[in-house]
Structures are given as C-alpha cells and as structure tokens.
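Okay, structure first, notes after.
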Protein chains: 2
Amino acid sequence: MSSEVTLKEIAESLGVSAMTVSRALNNRDNVDEDTRKKVVSKAEEMGYTPNYVAKSLVSNKTYTIGVVIPEITHAFFPEVVRGIEEVTNKSDYQLLLTNANEQFIREKKAVNALRSQRVDGLLISTSIGIDDFSFYEQIINSGTKLVFFDRCIEGLGASCVSVNDRTSSYQITEHLITEHGYSKIAHLSGPPNVSIGKERMEGYLEALEEYELPINNQWIIEGGFQKIKGYESMQSLLELPEEEYPEAVVVVNDPAAFGAIKALKDFGLSVPEDMAVVGFTDDIRAPLLETPLTTVHQPAYAVGQKAAKKLIAAIENKDEPIENIEVLTTLKIRASCGCGNF
Amino acid sequence: MSSEVTLKEIAESLGVSAMTVSRALNNRDNVDEDTRKKVVSKAEEMGYTPNYVAKSLVSNKTYTIGVVIPEITHAFFPEVVRGIEEVTNKSDYQLLLTNANEQFIREKKAVNALRSQRVDGLLISTSIGIDDFSFYEQIINSGTKLVFFDRCIEGLGASCVSVNDRTSSYQITEHLITEHGYSKIAHLSGPPNVSIGKERMEGYLEALEEYELPINNQWIIEGGFQKIKGYESMQSLLELPEEEYPEAVVVVNDPAAFGAIKALKDFGLSVPEDMAVVGFTDDIRAPLLETPLTTVHQPAYAVGQKAAKKLIAAIENKDEPIENIEVLTTLKIRASCGCGNF
DNA sequence: TTGTAAGCGTTATCAT
DNA sequence: ATGATAACGCTTACAA
C-alpha cells in the first residue's frame, strides 16, 4: 500500500500538532470548531485514511472477527456468512474469513494466523476430522472470545449456536412413523465425533424408542456429509438381503441424500415406492429433484446472525454468559417421504 | 483479546533482551543455537503468538487481502472465494471478506474500511448500481494494488480477471442459430453499465450480425441478474402480439433464466416447444429443472485463483503489468434449447 | 552473539 | 483549546 498520508503530515501542513488533528478527526469535543473544519477539509484534500494498524496497537482492539468454516461451497455456510456479515457490518467489525476445507490442520493454521492478526473474537465451525480438543481448550482458557456455530465442540466453555439437530431429527423420523406408518427405518449417519452427526443419530434413535420400533444395527451406516459418502453408505445398505431392506431411510444431510438416491436409482429402485428417503439441510437443489426431497430446513442466516451477535456481546461485555443457543428448524415435507402431492 | 504474551515478557523471564528473543523466534542466523532453543521453548511454554499488528506497523505490510463481492449467496461467488482462498492460503495471506449485497454504498464503505485496515491489496467485483467510477480511479491512482474480477471496470488501470463473456455469449447464440435454425432470437439483458451485462449483449448482437439475422429492439429487454428481474423481463416480452414472439431467448444469467421460465409457465407456454431459453452461469440448479437449462459453464474457481495470483504478483513485484485475463467457459448443452436428448 | 535506541502511526495523559 | 511526551509491540540500524 503506497506511502499513505499520516496525521503528522496533515498537522505539519496546517501548522498544528498531530494531537489536534487526531482530536478533530475523531470528533472529540475539545477542539475549536474552526480548526476542526480546517483539519477535516485538509484531510479530505490529502486523501487521508486512518491507519487502523496503528490505532489497534494503541487500543488493543482491531474491530476484526475471524471466521473459520469447514467448507465454503456447501451452500449452508455462505448463507451463514451472510448472516454474520449483516451483523458485523452494522457494528463496524470486519470479517477475516478462512476456509478449512474440512482439514483440521488447515483449521489450526487458520486459527493461529487469526490470533496473530489479533482478531477481537473467533467464530468457528469445526472440520470433520477434528481430534485435538485441547487446541481449543487452551485458546478458550487464554481468554480469547470464541463462539462455535453449527459444528460445535461442547464442554469447553464456549458458547455455541446451532440448529436443534436432535429434535429435528426426532421430528422427521417421527413423521415417517406416524404419517406413513413405516416401521423399518434406517439411518445413514455422519461421523459421531462431529456434533451434528451425533445429534442427528440420537434424534433418530429416540424416535424409534419412543414408538417402540426395533433398532437394527444393520440399518445404521456410518458415513459422511458429501454426496459420495451417501452413495457409498446406501450401497452398503443394499448389500443386505432384499427382504431385510428398510422401508425408509433418514440421511444425515441433503448432499448425502442425493448420493443415496443416486445409488438407489443405479440399483433399479425408486423413491419413495421402494424406499422413502429424507434428508437434512434443505439444500437449494432439494425441491428440484425428480422426486423432491423431504428434508429439514435449516435457518442458516439466523445461525450466522445469532452467532455474530453472541460473539460481539461477549467481546463488548465482560460477563456475557456462556450459552448453547438453538435455532429452530422446520420440516419441509415433499414427495420423497411418500407424501404424494408435492 | 485478553492480555497476550509479549517479546519483552519472554525476554525478562529469560534474562535476555527483547531483540534476542525476536531474532531467535524469527530464525535469524546471528543467534546462539543454545539461546535459540531456550527462547523457542519458553515462548511455547508461555503461549506466545506474535503480534502481527505491531509487526505490520513496522513493516508496512499486513499480509492481508481485502475481497469485496456483490452477493455471497449467488453460488458463483463462494466458488470464486474458494479459488482465492486456495491461493492466498499457500502464500500466507489472510482474506478480509466483505459482502456488498449489491449496494454500491456498502461497497464503498467496505473498500474504505479495508483500506484503513491497510490490506496489502484489493480483489473486487463491483455491485450493480455502481455509478461513481472516480472512486476507484482515485484508489488505483493512489498506488493501491487492485484487481477486479468477474464484474470489472475497465480503463482505470487495474487488472481484471473475467470470463470471456462476449465470446461465450456469441457461442451460445450461435448454437441456437446453427444447431436449431432459430432466426428470431431475443435477449433479456443485464444492466449495460456492468461489464458482464454489456459483454453478453455484444456477443448476442455479434452473432445475429454474423448470421445476418434481424436485430429487433422489441426483443432486447433490459433487466437484471435476479430471478425476479428475469420474470419481469419475460413478462414485458410476452406483451408483444403472439405472432411477434421470438423462437428463442438468451438470458443474461441462470437465475434470471429461472424467472423467465417461470413467467413462460405462468403464461401457459412451454420450454423449449413454444420458446427455447438459454442461460449463463451453470447454476447448480440448472441441470435439475424440469427442462434442464442449456447454459454457459463458468469456471468460478479458476477466476478466483487467477485473480488472487495476479494480485499477489502485483503486490510482490513492482512492475507487474496490467492485464485483462480471460478464463475460458464451456457450453453446457441441455434440453431447454431444444436439444431433446438431455 | 547480544544489547541499545529510535521509530512505525496513533492515542492517553498531563501540562500549558 | 492545544501541545509535548510516552506508550502500544515489534524491527532496523548501530554499537558493544
């Protein structure tokens, strides 16, 4: 950035001190109105932009928030970022965005870089492969303000904003049971060490228990969040003898559900006649499938907003409490569960 | 960010000077190997993170790049950001991301904030309503490194990375003419003051001229980039007497094409039988429509990569030339143009 | 090899 | 109302 105009230069060209210029430009009340005007117009003329780097060094505040997301192309996250942006923009914080690409090594590197940049706080959604919880434990203990969103690590003393995953998973499973009378329901799960994977599994299990349906371990396949993982999980499921096929399957998210549906198709089976499929996310493509996908709509924008608000509150207010904030989802009933008229 | 450990504190606890600690931690060659080890382990123990704010003040370099995009939910941009991220991550630059939400006022505000943060360079895709070119002219003249991407402002002395819009628009129009024999082709355009709006219009016109087809001003409707704009433009077009309807229409981008198709449907017309429609973007939803959309695939990731590479080159190399870089598109032929077998 | 002093651009504090 | 000085955490330049 070419050599920029400084307070001192403005001061010299005006024959006053740098302090006066600083005061004038920051609208302090103890400056003569005349000099203030002179300073402001001179600054304008010289093309002055305040140097936040220097400001930050003095104030120990950067007005900057670090955001770490695991996967920027998964449509959910850009929407979350938009929510974050909306809030930070109003409060005049800037966003340092990093994409960990689902790699915990990159996530760590990003967090360290962000800390070196002295961001005022961190908004984090962890990558799938995370194993080293002590990393975040140290950071939180050091007093760094941190709010997790969507993919949370619990019990570390940081607030967390997420969707009511367990309840939503319970509800969509319940829908399959009560509205359609399915009793043989499978689950293509995510990794259990990621909160959303665990929670969605639990909601599914709770619903089966509540309605006293058999829990069949052959129907619970651990996979991942991408299309290919759903495809593979469904392939495993279809290795069962045909008479042991479930009637319906709850998939951990929509991309994985797309993969699962593809696998069914490749296998010559149709949705929902041979097997009903429901997802989780309400991906932009969900309503456009040949058989539109029944799924759980996630208010990504609201998640972003709430996480950002919580973080800014924690930054600006010493004793903001630690909270787990749940944002409510809604069921999107479409055709893939067997509801014909959508 | 709680009180952080400083060089001085490490120095004191070790009985050496801050300079020695600085040298040791930065792997300068003039430090005793023994003291270096002591310093490094002490720094680790005390949880030291270098203060980049202070570093930047000295070096006049922040290792930070400001990115301004007009619309984060338009899938094209997250993909561009991923490309940018991939490059900056390797070169150890951080990304300050701002979303202008298609509002030029917010864009200006964002750029000013970014300059105050003393980013080393700017990556910008302008919002639609832009009118004040002098704003960027000043910034570029002040020596700030700036690369435009996708939505460029030309003639200001900044490099630009974009898709070969005019050629692509020419090609998809040509496809309608030569593969389908359409001679009555309309264009629902974008705003002409945004480069992609202008370029796509020009490509369309060039193709008509090349094949000596009539240019009918009633078939050229100025609109915008969102679904609703496409809907409205198509509504205008359908106000013509039925015998003056075009056979095909080139829409400025996919979201607008979705709107146009919706309007046709609401009007009782079908695609491509009554009117063929082609788009531009290859939106993730394009292949999933009832009649999959023929469109131009844009290599968003490559746009991001090239823009980031160009900017970093400009930052690190005094006389990096100003260039217009074009990234090549590919046609995605699907059913909406009348190619039946897709 | 190590230390000292000055300075990066700003603001808090005390003085005038 | 305005100015002088020190300080924020670090590095460069020079000295020991």
Side-chain angles (χ1 to χ4, degrees), chain A residues 1-40 42-43 46-64 112-113 115-120 142, chain B residues 1-40 42-43 46-64 112-113 115-120 142:
Chain A
M1 212 94 180
S2 62
S3 67
E4 299 280 350
V5 180
T6 67
L7 282 188
K8 213 176 141 198
E9 286 167 21
I10 300 177
E12 276 165 9
S13 84
L14 238 40
V16 298
S17 77
M19 256 330 288
T20 302
V21 178
S22 169
R23 283 195 267 251
L25 258 20
N26 288 289
N27 288 312
R28 301 301 174 83
D29 46 13
N30 49 352
V31 253
D32 187 85
E33 189 53 23
D34 267 10
T35 50
R36 207 187 66 77
K37 275 181 188 155
K38 259 185 248 164
V39 169
V40 169
K42 194 72 182 180
M46 297 176 72
Y48 174 75
T49 25
N51 186 331
Y52 277 34
V53 175
K55 259 190 186 176
S56 298
L57 189 58
V58 175
S59 63
N60 202 23
K61 184 145 174 53
T62 56
Y63 277 98
T64 256
N112 284 331
R115 296 189 74 201
S116 281
Q117 299 277 3
R118 293 294 188 265
V119 293
D120 293 334
S142 85
Chain B
M1 211 94 179
S2 62
S3 67
E4 299 279 351
V5 181
T6 67
L7 282 189
K8 214 177 140 196
E9 286 167 19
I10 299 177
E12 277 166 6
S13 83
L14 238 39
V16 297
S17 77
M19 255 330 286
T20 302
V21 178
S22 168
R23 284 194 268 249
L25 259 19
N26 288 289
N27 288 311
R28 302 299 174 83
D29 46 12
N30 50 352
V31 254
D32 187 85
E33 190 52 22
D34 267 9
T35 49
R36 208 187 65 77
K37 277 182 187 154
K38 258 185 249 163
V39 169
V40 168
K42 193 74 183 176
M46 296 177 72
Y48 175 75
T49 24
N51 186 330
Y52 277 34
V53 175
K55 258 190 180 165
S56 298
L57 190 57
V58 175
S59 64
N60 203 24
K61 185 149 174 50
T62 56
Y63 277 99
T64 257
N112 285 331
R115 296 189 74 202
S116 281
Q117 300 276 3
R118 293 297 186 265
V119 293
D120 294 334
S142 84

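Nothing here was measured: the structure is a model prediction, and the numbers come from that model. Chain A is the first sequence line, chain B the second, and so forth, proteins listed ahead of strands; every chain is numbered from 1.
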Subject >> Partners passing ring-ring contact (aromatic ring centres under 6.0 Å, His included) against Tyr48(B) (at least two apart in sequence or in another chain) >> reply: none
Atom [atom1] in [X], atom [atom2] in [Y]: separation rounded to 0.5 Å?
X        : Y         : atom1 : atom2 : value
Thr49(B) : Arg118(A) : OG1   : CZ    : 4.0 Å
Thr62(B) : Gln117(B) : OG1   : CD    : 8.5 Å
Arg23(A) : Thr35(A)  : CZ    : OG1   : 10.0 Å

Round to the nearest Å and state the distance from [X] atom [atom1] to [N] atom [atom2].
X         : N      : atom1 : atom2 : result
Glu12(A)  : dG9(C) : CD    : C1'   : 13 Å
Gln117(B) : dG9(C) : CD    : C1'   : 15 Å
Asn51(A)  : dG7(C) : CG    : C1'   : 14 Å
Leu57(B)  : dC8(C) : CG    : C1'   : 4 Å

**OP:** Could you pick out which residue, Ser17(B) or Ala54(B), lies toward the 5' side of DNA chain C when each is mapped onto its nearest nucleotide?
**Re:** Ser17(B)
**OP:** Mark yes or no for whether Asn26(B), through its side chain, and Arg28(B), through its backbone, hold a donor-acceptor pair below 3.5 Å.
**Re:** no
Quick one: label [X] by what it contacts on the DNA or RNA (base, sugar-phosphate, nothing), any heavy atom closer than 4.0 Å.
X        : result
Thr35(B) : sugar-phosphate
Val31(B) : sugar-phosphate
Arg28(B) : sugar-phosphate
Val53(B) : nothing
Tyr52(B) : nothing
Asn30(A) : base
Ser59(A) : nothing

Contact between [X] and [Y] at the side-chain level, heavy atoms closer than 4.5 Å - yes or no?
X         : Y         : value
Arg115(B) : Ser142(B) : yes
Asn51(A)  : Glu4(A)   : no
Val31(B)  : Val39(B)  : no
Lys55(A)  : Pro50(A)  : yes

Subject >> OP1 or OP2 of dT11(C) under 4.0 Å from side-chain N/O of Ser22(A) >> reply: yes
**OP:** Would you tell me if any nitrogen or oxygen in the side chain of Lys8(A) comes within less than 4.0 Å of OP1 or OP2 on dT10(C)?
**Re:** no
Subject >> Any pair counted as side chain to side chain donor-acceptor pair (under 3.5 Å), so long as it reaches residues 5-18 of chain A, sequence neighbours left out >> reply: Ser17(A)-Thr20(A)
Original post:
chain A on DNA chain D: first and last contacting nucleotide, 5' to 3', under 4.0 Å to a heavy atom?
Top reply: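 On DNA chain D, the outermost contacted nucleotides are dA1(D) to dG9(D).
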Report each atom pair, protein N/O against N/O of nucleotides 14-16 of chain C, whose distance is under 3.5 angstrom.
none

Subject >> Which nucleotide in dA12(C), dG3(C), dG9(C) has an atom nearest any side-chain atom of Thr6(A) >> reply: dG9(C)
Original post:
When you measure from the side chain of Met19(B), which nucleotide among dT11(C), dT1(C), dG3(C) comes out closest?
Top reply: dG3(C)
Subject >> Over 12 foreign heavy atoms within 6.0 Å of NZ, Lys38(A) >> reply: no
Subject >> Arg36(A): partners by salt bridge (charged side-chain N to carboxylate O under 4.0 Å, His left out), with sequence neighbours left out >> reply: Glu33(A)
**OP:** Return the angle between end axes of the helix from dT1(C)-dA16(D) to dT16(C)-dA1(D), with five pairs used per end and rounding to 10°.
**Re:** 40°
